[in-house]
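All remarks here apply to the structure that follows.
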Amino acid sequence: MTETALKIYNHLVMAENHIANIGLANGRMGIALNLYHASQTLSCKSYRDFADSLIDSILRDLGTCQDLLFFNGITGISMGISSLIRDKFIETDANDLFIDMDRKIYLEARQRKINDFAGEFSVFSFGLYLLNRSDNKDLKMGIPLDQAIDLALSICEEVYAQHFIFDTRSITYTNSVLYFLINQAKNKKYRQRANSIIELIVAKIMIAINSDPKLIIHLGTTLALTKAFDKKNVISNRLPKIVSKLSKKIMKIEAKNDVDIDLNKIWEGILFAPLYEYNVNETTVNNWLDNIDLFSDNQRLVNIDFQHLILCGLSNIKNTNNQNLFSL
């Protein structure tokens with residue numbers, strides 16, 4: 001266990017005194033996910049005990065949380081809980097926790113009141129919520145799942161039928177939409193409709209790259225990721241050729257059909273990474289840690305650097321099995 005790793009997680013433990021938010025990016029859910037994985041990798045029981053207490057506090061406050069967006073609200077907490085259940089850190093029934101939230105989130109989405117572009121982070125909150133909820137084999141949603149998926153597909157159609165500008169924020173949003181659509185394309189009932197939206201998005205991506213070649217750095221990854229998820233070739237026949245051309249000529253990598261990685265976790269990792277695109281190193285992390293100590297009387301500045309630690313930790317958990325962060 002390195003000195004820097006100890007500082008990171010001890011600071012996250014300290015964050016409870018500063019952070020009331022229960023969400024992923026700025027709050028206790030993100031801290032809990034980091035500490036659960038730290039407890040496993042670093043064999044530190046005290047981190048797991050503290051993470052348990054954070055989850056208890058999150059569950060107590062869940063019913064009063066009004067934020068529905070992914071990074072600081074209910075939809076992101078759903079992903080966090082699902083991830084912890086999947087990785088066997090906690091044992092709980094997600095239906096009991098979220099069944100009352102299902103209808104509220106559905107009604108807000110139906111009235112188009114979930115504005116994913118309003119906050120600092122733009123992802124398809126409603127679609128990601130449905131994926132995390134439907135990941136439960138014993139699903140008992142408060143609304144018909146088919147009805148909710150139909151609504152989510154309609155929202156995707158509306159967003160990309162309009163003029164869509166690709167930038168750092170909207171590319172992250174597009175990654176999340178494609179992740180949702182490809183998962184729906186596995187179901188025969190939604191395959192044709194999901195594929196048509198994917199075709200529309202791919203066409204818009206190609207137009208954007210032709211207009212601004214610099215976007216290839218980000219959008220090439222999006223297309224390669226889309227192809228990697230599509231192992232059964234259920235989506236666009238054009239996509240393999242597009243990805244092959246982009247990856248070989250510009251990205252100078254091979255886009256392989258059979259990728260021996262957990263693609264769901266890889267996607268979850270890049271969900272957080274584009275926000276900062278840091279190469280995590282000891283100097284960068286120590287700067288955040290020093291800033292937290294230096295700005296201890298300035299709540300806003302302290303929260304910013306805690307957010308850096310939380311998001312980089314989440315990205316590392318998913319992308320590199322913790323090796324980069326824990327080797328600091």
Side-chain angles (χ1 to χ4, degrees), residues 22-24 29 58-59 62-86 90-118 122-162 173-201 226 229-230 232 234-235 264 267-268 271:
I22 65 173
L24 270 174
M29 189 74 249
I58 291 168
L59 299 184
L62 191 62
T64 60
C65 181
Q66 298 301 310
D67 191 338
L68 301 182
L69 296 181
F70 186 79
F71 274 93
N72 284 315
I74 298 297
T75 52
I77 292 171
S78 167
M79 173 188 151
I81 295 293
S82 297
S83 178
L84 291 175
I85 294 173
R86 182 181 63 209
I90 63 174
E91 294 182 5
T92 188
D93 188 338
N95 289 321
D96 290 343
L97 296 177
F98 293 104
I99 197 167
D100 290 336
M101 301 288 179
D102 294 338
R103 183 166 178 78
K104 177 179 180 180
I105 291 172
Y106 171 77
L107 290 174
E108 293 289 310
R110 191 174 70 179
Q111 297 174 38
R112 306 302 191 267
K113 290 184 178 180
I114 300 179
N115 183 0
D116 288 313
F117 296 96
S122 302
V123 294
F124 187 26
S125 299
F126 182 51
L128 298 183
Y129 180 81
L130 293 179
L131 286 182
N132 286 305
R133 288 289 284 122
S134 59
D135 188 48
N136 184 347
K137 294 180 181 179
D138 300 317
L139 181 68
K140 296 178 182 177
M141 288 194 73
I143 53 171
L145 181 60
D146 288 351
Q147 187 174 318
I149 292 174
D150 282 335
L151 173 60
L153 291 171
S154 295
I155 292 171
C156 294
E157 289 167 338
E158 292 170 12
V159 169
Y160 290 94
Q162 303 172 26
Y173 180 85
T174 297
N175 283 336
S176 65
V177 170
L178 287 170
Y179 178 63
F180 169 76
L181 292 172
I182 293 167
N183 275 280
Q184 301 312 317
K186 297 174 184 177
N187 186 326
K188 290 183 179 180
K189 181 174 182 179
Y190 303 112
R191 182 171 300 169
Q192 183 175 353
R193 191 177 178 192
N195 286 347
S196 67
I197 305 172
I198 292 170
E199 285 274 2
L200 173 62
I201 295 173
T226 302
F229 271 107
D230 184 32
K232 295 184 179 179
V234 297
I235 61 174
N264 288 290
W267 181 86
E268 290 172 4
L271 178 65

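Inter-residue side-chain proximity for Ile201 and Ile198 is flagged as unmet; no heavy-atom pair is nearer than 4.5 Å. In this structure the side chain of Ile81 reaches within 4.5 angstrom of the side chain of Phe98, judged on heavy atoms. For the pair Met79 and Leu128, the minimum side-chain heavy-atom distance is 4.5 Å or more. Annotation: side chain of Leu153 is in contact with side chain of Leu181 (closest heavy-atom distance under 4.5 Å). Contact annotation: the side chain of Asp150 approaches that of Arg193 to within less than 4.5 Å [non-hydrogen atoms, C-beta and beyond]. Residues Val177 and Val159 fail the side-chain proximity criterion, which asks for heavy atoms closer than 4.5 Å.
Partner Phe126 forms a side chain to side chain contact (heavy atoms under 4.5 Å, CB included) with one of Ile105, Thr75, Asp116, Leu68 and no other, that one being Ile105.
Every residue two or more places apart in sequence or in another chain that forms a side chain to side chain donor-acceptor pair (under 3.5 Å) with Gln111 is listed here: Lys113. Remark: Asp67 engages no residue in a salt bridge (Lys or Arg N to Asp or Glu O under 4.0 Å) (not counting sequence neighbours). Applying the salt bridge (Lys or Arg N to Asp or Glu O under 4.0 Å) rule to Glu108 yields no partners; only residues at least two apart in sequence or on another chain are considered. The side-chain contact (heavy atoms from CB on, under 4.5 Å) search around Asn187 returns Lys189, Tyr190, not counting sequence neighbours. Residues satisfying the side chain to side chain donor-acceptor pair (under 3.5 Å) criterion with Tyr173, sequence neighbours excluded, are absent altogether. For Asn115, there are no side chain to side chain donor-acceptor pair (under 3.5 Å) partners, not counting sequence neighbours.
Heavy atoms only, all atoms of each residue included: Leu62 and Met101 are closest at O-CE, 3.1 Å. Nearest heavy-atom pair across Arg191 and Lys186 is NH2-O, 3.5 Å. Nearest heavy-atom pair, Lys140 versus Asn95, reported as atom, atom and distance to 0.1 Å: N-OD1, 3.0 Å. Residues Leu130 and Ala152 approach most closely at CD1-CB, 3.9 Å, considering heavy atoms. Minimum heavy-atom separation, Cys156 to Phe124: SG-CE2, 3.5 Å. Here the closest non-hydrogen pair linking Leu139 and Ser134 is CD2-CA, 4.0 Å.
Ser78 contributes no side-chain N or O that, together with a main-chain N or O of Ile74, makes up a donor-acceptor pair within less than 3.5 Å. Side-chain atoms of Arg112 come within 3.5 Å of backbone N or O of Ala109 as a donor-acceptor pair.
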Decide side-chain contact (heavy atoms from CB on, under 4.5 Å) for Ile77 and Leu24; before the verdict, give the C-alpha distance in whole Å, the side-chain angles of both, and the deciding distance to 0.1 Å. CA-CA 6 Å; Ile77 292 171; Leu24 270 174; 5.9 Å; no

Between Leu131 and Tyr179, is a side-chain contact (heavy atoms from CB on, under 4.5 Å) present by the stated rule, with each step listed? CA-CA 9 Å; Leu131 286 182; Tyr179 178 63; 3.6 Å; yes

Apply side-chain contact (heavy atoms from CB on, under 4.5 Å) to the pair Arg110 and Leu107, showing each step before the final yes or no. CA-CA 5 Å; Arg110 191 174 70 179; Leu107 290 174; 3.4 Å; yes

Asp102 vs Ile99, test: side-chain contact (heavy atoms from CB on, under 4.5 Å). Steps then yes/no. CA-CA 5 Å; Asp102 294 338; Ile99 197 167; 4.1 Å; yes

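With values rounded to the nearest 0.5 angstrom, Tyr106 atom OH is found 12.0 Å from Ile114 atom CD1. Interatomic distance, OG of Ser122 versus CZ of Phe71, reported as 9.0 Å (0.5 Å rounding). Atoms OG and CD1, from Ser154 and Ile149 in turn, are 12.0 Å apart once rounded to the nearest 0.5 Å.
Other residues, nucleotides and ligands contribute at most 12 non-hydrogen atoms within 6.0 Å of the CD atom of Glu91.
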